[in-house]
> 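Can you keep this structure in mind? I'll have questions shortly.
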Protein chains: 2
Amino acid sequence: MPQASDDLYKAAPPGDGRSTNPLILKLESLATLADEDRAVLEQISANPQVIEPGIDLISVGDKPDGVYLIMDGIACRYTLRANGARQIMAYLIPGDYCDLDVALLARMDHSIGTLATCKVVRIDLATILELLRHHPGIAHALRLATLVDEATLREWVVNLGRRSAPERIAHLMCELLLRLRAAGHAADEGYPLPITPNDLADTTGLTTVHVNRTLADLQRQGLIAMSGGYLRILDRARLEALAEFRPEYLHLGGRVAA
Amino acid sequence: MPQASDDLYKAAPPGDGRSTNPLILKLESLATLADEDRAVLEQISANPQVIEPGIDLISVGDKPDGVYLIMDGIACRYTLRANGARQIMAYLIPGDYCDLDVALLARMDHSIGTLATCKVVRIDLATILELLRHHPGIAHALRLATLVDEATLREWVVNLGRRSAPERIAHLMCELLLRLRAAGHAADEGYPLPITPNDLADTTGLTTVHVNRTLADLQRQGLIAMSGGYLRILDRARLEALAEFRPEYLHLGGRVAA
DNA sequence: CGTAAGCTTGAATGTCATCAACTGAAGTGG
DNA sequence: CCACTTCAGTTGATGACATTCAAGCTTACG
């Protein structure tokens, strides 16, 4: 039975001494951190707060005054149309944070909310500025992470514009495998994906019904297995081929791609 | 007859003393520049080079070593799928530039090419760094511009994911009106749009045929008129209503929105 | 055990894609 | 100077993919 519990990731650091902190793991997949940098990040992300699914961390029109760092669970950026249609524009997974440049723009033009139960750390503006000023290694890694976020957003545009329903879903699953793995939240054969088909629909620009049909198809083809909020990737090679998945845009430098 | 020629914009500065430099105009719609900042930008963007349509400024896999600033015309970010399908992920209009953070990431994960004849200035890395270091006002404005680019990308995700064909096209046209106006390249009633229906199709995730049909529909409804590479917006209120256009994401602060 | 909410399944509809033939404008060469 | 080519845009017919609506089926929960 696949391990869906988060406790898996809270165990003591593994034998090789690597951290289990998703932010540290993610940044280290992009750049090299000094021991001191790691210590600072470790300290900042202590004592996360638990947030239920479906709660906005930041809403449209807000003037945000801090940054939220996701330590566990899944949140998303989204907007609502007047007719109630929702479009999700990004997934925030462990190690992701929202709006480092929060101080620069006046108002949020979209919302950020939880899709599943999350553990979240709120970091205030002063701490962010301190971090960026006095820890150039961290600042550099955060900057890289922002660039990867942008590249990911571009890839989503391609997904919505030029891929079929099964391709869209397959591509998303391949992307999440690598991103979650970089954050230490995915096993080799799959990962917890505690979101509803409805969320998936609002991500891929489809309807819930069609997402479920497509998901069933992918299972029938032996590519994946989804149950209990856990996604097992049964045939990664074929899934990636179907999605035409090219991981370069994540700029993981081969560190977690294998 | 609407004025499609670029020469319109190269005339001597208007009576109010404002520049006609698209980069300066764009940045001033986001922040306040000092006279000295303006002078530096004016100097940097002198002597643009003419590039024919359909030419890559930067190609996938390149390790870029400079920044391209668009002074006139339209370029785009795009990728190609294995089957030849193209998805355009951003329009670069006058005042836009590519990849300020060029030095940070190893390789381009997409290409940048011209859609129409462009006037382009290449700025080398040293100049960029000098600019960012010694002109904090410019650095700040450029940073804001980058955030707006990201917000625009998110809006494109919404466009592709949750809007119908006519809505997508209408939304794009509304967006370009404001962006071009901020760069001093649009009149009140329309602007030069020297791109093909095929380009529009690869932008909106549709086929060329369907774009042409939809375009014809929009004309029949009296919303727009397109001819000779010039787009006239005949009924802006209805066009914006159709697209459900909310300009906040462009963060123009009311300066050019009216 | 009963209710509600979400997932599944089926059938009908609609939007957009595909394919192919036609039109028209622009450029080329005899 | 005019036929010829070419290519972009148009139009129509057909079909695929995804939506919509609705009914049955689980599952979770009180």
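Every chain is numbered from 1 and lettered A, B, ... according to where its sequence line falls, protein lines coming before strand lines.
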> For A:R162 and for A:I195, locate the closest nucleotide of DNA chain C by heavy-atom distance; then report the residue assigned to the nucleotide nearer the 5' terminus.
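With A:R162 and A:I195 compared, the 5'-side residue is A:I195.
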
> With rounding to the nearest 0.5 Å, note down the distance linking CZ in B:R213 to CG in B:L206.
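Reported to 0.5 Å precision, the distance equals 12.0 Å.
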
> Tell me which of B:R213 and B:P197 sits closer to the 5' end of DNA chain D, going by the nucleotide each one is nearest to.
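Going by which nucleotide is closer to the 5' end, it is B:P197.
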
> Please give, in whole Å, the distance from D:dT26 C1' to A:N212 CG?
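Value for this atom pair: 13 Å.
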
> Whole angstroms only, please: what is the CG-C1' distance between B:L200 and D:dG9?
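These atoms are roughly 13 Å apart.
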
> Output the single nucleotide from D:dG12, C:dC7, C:dG10 whose closest atom is nearest the side chain of A:V209.
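Of all the options, the side chain of A:V209 is nearest to C:dG10.
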
> Where do B:D149 and B:T152 land on the side chain to side chain donor-acceptor pair (under 3.5 Å) test, with the steps shown first?
CA-CA 5 Å; B:D149 287 349; B:T152 304; 5.2 Å; no

> Start with the C-alpha gap between B:W156 and B:Y91, add the side-chain angles, then the distance that decides, and say whether ring-ring contact (aromatic ring centres under 6.0 Å, His included) holds.
CA-CA 11 Å; B:W156 281 38; B:Y91 281 3; 5.5 Å; yes

> Name the nucleic acid region contacted by A:S164, choosing base, sugar-phosphate or nothing; use a 4.0 angstrom heavy-atom cut-off, strictly under.
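Counting heavy atoms under 4.0 Å across all strands, the contact made by A:S164 is with sugar-phosphate only.
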
> For A:A216, answer base if it contacts any base atom (sugar-phosphate contacts may also be present), sugar-phosphate if it contacts only those atoms, and nothing otherwise; contact means non-hydrogen atoms under 4.0 Å.
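Contact class for A:A216: none.
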
> Can you check the B:I169 CD1 to C:dT15 P distance for me, whole Å?
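Value for this atom pair: 15 Å.
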
> Whole-Å distance between D:dG9 P and B:N198 CG?
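Nearest whole value for this atom pair: 8 Å.
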
> When rounded to the nearest 0.5 angstrom, what is the spacing between CZ in B:R77 and CZ in A:R154?
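It comes to 5.5 Å.
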
> Over how many whole Å does the gap from B:N83 atom CG to C:dA17 atom P extend?
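After rounding, the gap between these two atoms is 14 Å.
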
> To the nearest Å, give me how far apart CE (A:M226) and P (C:dG6) are.
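The distance from CE of A:M226 to P of C:dG6 comes to 16 Å, rounded to the nearest Å.
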
> Tell me the interatomic distance from A:H210, atom NE2, to C:dG14, atom P, rounded to whole angstroms.
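It is 18 Å, rounded to the nearest whole Å.
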
> From C:dA17, C:dC7, D:dT19, pick the nucleotide closest to the side chain of B:L206?
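Closest nucleotide among those given: C:dA17.
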
> Rounding to an integer number of Å, can you tell me how far B:D199 CG sits from D:dG9 P?
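After rounding, the gap between these two atoms is 9 Å.
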
> Thinking salt bridges, do A:K26 and A:D96 make one under a 4.0 Å N-O criterion?
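Between A:D96 and A:K26 there is a salt bridge, with a charged N closer than 4.0 Å to a carboxylate O.
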
